[in-house]
Structure formats: C-alpha cells, structure tokens
Amino acid sequence: MERTTLGRTGLSVSVAGLGCGGHSRLGQSQGKSVKHSVSVVRAAIDTGVNFFDTAAAYRTEEIVGKAVQNCRDKVVISSKLGVIRPGTDHLGQDFLTADEFVELAEQNLSRLNTDYIDIFHLHGVMPNQYEYCRAELVPALEKLREDGKIRFFGLTERFIHDTAHTMLQRALSDDFWDVVMTGFNMINPSARHRVFSQTRAQGVGTLVMFAVRRALSSPDATAALIGDLIARGEIEQVGLEPDTPLAFLTETGGASSVIEAAYRFCRHEAGADVVLTGTGEPAHLRDNLTALSKPPLAPELLRKLEAHFGQVDSVSGN
Ligand SMILES: NC(=O)c1ccc[n+]([C@@H]2O[C@H](COP(=O)([O-])OP(=O)(O)OC[C@H]3O[C@@H](n4cnc5c(N)ncnc54)[C@H](OP(=O)(O)O)[C@@H]3O)[C@@H](O)[C@H]2O)c1
C-alpha cells in the first residue's frame with residue numbers, strides 16, 4: 001500500500017484509510033459481532049493500511065482501540081466529536097461549551113484505550129455553526145493539544161447538507177486546521193476547486209469521504225441520482241444511458257466496476273491525500289484496497305466524467 005505525507009502534519013499515511021463510520025460502521029450497522037469488526041480492522045492493517053477514521057458518534061472507537069492495541073505507535077488514529085450537545089438537533093445551535101467538549105474528548109481517549117489521538121476533528125460542522133466553533137472550541141482543541149491528548153486539529157464538513165463546501169471554504173481562510181475531511185466523488189467533484197485548491201496552497205492534509213457511498217455502490221441508486229439531476233436540468237441526458245448511466249466507465253479498457261472507478265477517481269485527484277473506504281465486508285475491503293492501488297482512470301474517461309458532472313455541486317450521493 002502506497003504512503004503519502006498528510007499535509008503539514010508530516011504524518012506518513014497509507015493513501016487508503018479505513019472509514020469506521022458511514023452506513024456500515026465496520027459491519028456494526030448490519031448486526032455483525034465486535035469480533036468480526038475487529039477482524040476487518042486487522043485485515044486492513046495486514047494489507048498496509050495505517051489510517052483509521054472513527055468518531056464518538058460511530059460507536060466504533062472501542063473496536064478500533066482493540067484492533068490496534070499491539071501496534072498503536074504504527075497507526076494513525078483520526079477521531080471526532082460533535083459540537084452540539086448530545087441528544088439535541090445536530091443542525092442546531094445548542095453547542096457544547098469548551099469545558100464540556102474537553103470532558104467529552106477524554107471519553108474518546110478512554111474508548112480508544114489510548115493516551116493520544118493523532119487527529120481530532122470537530123465533527124460535521126454546518127456553515128452556521130462555524131463561527132461558534134472557531135471562537136469557543138478551537139481553544140478547547142488547544143487545551144487538549146497542550147495536555148498531549150491530541151496531536152493535530154481536524155475539521156469535517158456535513159456533506160449531506162453542505163454539498164457545495166460552504167463551511168470548509170470559510171474555515172480555510174483561518175489557519176487553525178491541520179487536516180480537513182471533505183466529500184468528493186465522480187458525481188460531485190466540486191471540492192476540486194473549492195477545497196483542494198486551498199488545502200494544497202496551505203499544506204492542509206485532506207481526507208476524502210463519500211467516494212462511493214450509496215449512490216455509487218448500487219446501480220439502481222446511481223441511475224436514480226443521475227435521473228434526478230437530469231430531471232432538475234442540472235446535467236444533460238445526452239450520452240448517458242437511463243438505466244446504466246455510468247456503463248461507459250467499465251467498457252473496454254476501463255475499470256472492472258463502477259465502484260473500482262469511483263475509488264480510483266478519488267485516489268488520483270491532486271490534493272486528495274487519504275481516500276476513506278467504509279465497509280464491514282472483508283471481500284469489499286480487499287476489492288477496494290486493490291482499486292485504491294490501481295493507476296488513474298484513462299484520460300478519456302476523466303474527460304467524459306468532467307463533461308457530464310464537472311459542474312455538479314448539489315448532491316452528496318448519500
Ligand atoms: N462528516 C463526517 O465526518 C463524515 C461523514 C460520513 C463519513 N465519514 C467518514 O468517511 C468514511 C467513509 O464513508 P463513506 O460512507 O463515504 O464510504 P464509502 O467507501 O464511500 O461507501 C461505503 C458504502 O459503500 C458500500 N461498499 C463499499 N465497498 C463496496 C463494494 N466493493 N461493493 C459493494 N458495496 C460497497 C459499503 O457497504 P458494505 O459494508 O456492504 O461494503 C458502504 O455502505 C466513513 O466510514 C467515516 O469514517 C465522515
């Protein structure tokens with residue numbers, strides 16, 4: 001598994017990271033056992049993955065902690081805490097105070113069974129929550145860093161509601177953030193000009209989520225999403241088969257599947273450091289790590305994707 005440097009953190013990370021949240025949560029959402037989920041993390045480690053992304057909200061921190069207990073110093077742990085009081089509207093304004101945030105972060109550490117978290121993110125911040133976060137919660141992150149409990153500051157967007165990256169565009173005019181996590185995929189590549197151009201200039205490390213999600217992992221969902229974009233007049237039908245609009249990606253000389261194409265598309269985007277793959281299925285993990293080790297898609301396919309979807313910024317693919 002190839003490694004890269006995660007922006008100004010200087011951390012050496014695998015270009016594929018295991019996402020321990022999303023719809024799968026390492027299989028926990030499908031009722032898999034803790035033992036099974038630990039084995040998914042271990043299989044990723046055995047294939048050369050050293051980057052693991054979890055969060056308080058995913059309820060997989062204990063699983064990650066268990067899986068890495070014998071190799072903690074060889075892996076990079078990214079975890080997160082929401083900025084809104086648990087149990088209240090996550091899009092609202094009932095914010096944690098700085099003291100409450102620090103207190104809850106201690107629980108992330110204990111669930112992960114570790115003394116430090118490499119990258120600690122404010123989780124899923126909405127545009128109208130950002131000003132509070134910068135004023136009140138950045139000092140909380142500073143306190144955690146001074147105490148040696150976290151190493152680098154991270155920030156993740158709420159891509160489902162903020163598909164055009166409004167929050168991250170604002171945040172990147174500040175210089176607090178060592179790492180950001182953004183949504184990016186073949187159908188909504190708008191992070192290219194709104195996020196990666198900035199992070200590259202500033203040396204901010206980037207994590208990509210939503211490479212595949214539901215819309216690109218199921219042919220029916222792909223057709224429905226693209227059908228909606230056509231119906232709304234956001235893209236043209238011409239050149240896209242209604243039932244199999246992305247079939248051109250797997251024609252002669254193309255990718256072996258749409259999912260493979262989706263991960264390769266993200267992996268080779270300039271400015272995308274770590275592409276997260278979220279799964280609870282060992283066979284999917286194997287396929288996805290193979291996909292993330294393959295070369296870029298052919299220029300002709302990239303041109304077609306750009307012509308069809310290059311201007312889309314209204315969907316996440318959730
Ligand atoms: N705002 C935030 O901070 C935020 C939000 C969302 C996600 N994240 C992070 O980003 C990570 C990646 O999330 P994502 O959901 O965007 O991941 P993703 O890799 O784009 O999509 C994962 C989904 O695709 C399915 N899938 C994966 N590989 C497959 C394959 N080869 N064949 C068929 N189906 C496949 C998975 O189901 P199976 O389990 O069946 O494989 C899962 O439902 C998360 O785990 C989390 O760590 C962060």
Side-chain angles (χ1 to χ4, degrees), residues 16-32 36-37 40-41 43-44 49 51-61 63-64 76-84 90-91 119-127 129 154-163 165 167-168 171 177 179-188 191 195 206-222 255-267 272 274-292 294 315-318:
L18 183 62
C20 306
H23 295 305
S24 298
R25 297 171 45 246
L26 297 172
Q28 292 295 295
S29 296
Q30 287 72 36
K32 296 278 167 61
H36 171 91
S37 297
V40 173
V41 179
V49 172
F51 191 95
F52 299 90
D53 179 64
T54 181
Y58 303 163
R59 288 171 282 131
T60 54
E61 287 177 309
I63 290 169
V64 173
V76 173
I77 295 181
S78 154
S79 195
K80 325 187 190 74
L81 186 56
V83 301
I84 297 296
H90 58 259
L91 303 179
I119 304 158
F120 198 60
H121 304 263
L122 303 187
H123 191 173
V125 174
M126 289 290 287
Q129 296 172 335
L155 178 66
T156 82
E157 66 186 355
R158 199 165 277 277
F159 188 48
I160 296 171
H161 297 284
D162 183 15
T163 56
H165 316 288
M167 187 283 294
L168 281 182
W177 310 107
V179 178
V180 299
M181 187 186 297
T182 187
F184 178 73
N185 58 46
M186 298 191 296
I187 310 289
N188 178 351
V195 178
T206 56
L207 311 175
V208 168
M209 61 179 164
F210 285 73
V212 163
R213 206 67 177 184
R214 276 202 183 107
L216 293 169
S217 60
S218 133
D220 288 349
T222 308
S256 64
S257 68
V258 169
I259 293 176
E260 181 195 295
Y263 284 121
R264 287 168 67 185
F265 175 82
C266 294
R267 156 71 185 98
V274 175
V275 177
L276 297 170
T277 174
T279 187
E281 289 295 333
H284 292 173
L285 178 69
R286 242 185 343 264
D287 289 351
N288 300 349
L289 297 181
T290 302
L292 286 161
K294 288 194 172 176
V315 292
S316 65
N318 185 44

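Both ligands and their constituent atoms are indexed starting at 1 by order of listing. What you are looking at is a predicted structure, and each value in this text was computed from that prediction instead of being measured.
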Determine, for Phe210 and Arg213, whether the Lys NZ or Arg CZ falls below 6.0 Å from the six-membered ring centre while staying within 45 degrees of the axis.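 Yes, Arg213 sits over the ring of Phe210.
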Using a 4.0 Å cut-off on heavy atoms, what residues surround ligand 1? Order them by chain and number.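 Within 4.0 Å of ligand 1, the protein residues are Gly19, Cys20, Gly21, Gly22, His23, Ser24, Asp53, Tyr58, Lys80, His123, Thr156, Glu157, Met181, Met209, Phe210, Ala211, Val212, Arg213, Ser217, Ile259, Tyr263, Leu276, Thr277, Gly278, Thr279, Gly280, Glu281, His284, Asn288.
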Donor-acceptor pair, side chain of [X] and main chain of [Y], under 3.5 angstrom:
{"X": "Glu157", "Y": "Gly183", "answer": "yes"}
{"X": "Thr206", "Y": "Val180", "answer": "no"}
{"X": "Thr60", "Y": "Ile63", "answer": "no"}

Going through the checks in order, is the ring pair (Phe, Tyr, Trp, His ring centres under 6.0 Å) test met by His123 and Tyr58? CA-CA 11 Å; His123 191 173; Tyr58 303 163; 5.5 Å; yes
Donor-acceptor pairs are to be reported for all side-chain atoms of residues 281-289 against protein atoms at under 3.5 Å, with residues two or more places apart or in another chain.
unit_1: Glu281; atom_1: OE2; unit_2: Lys32; atom_2: NZ; d: 3.0
unit_1: Asn288; atom_1: ND2; unit_2: Thr277; atom_2: OG1; d: 3.0
unit_1: Asn288; atom_1: ND2; unit_2: His284; atom_2: O; d: 3.2

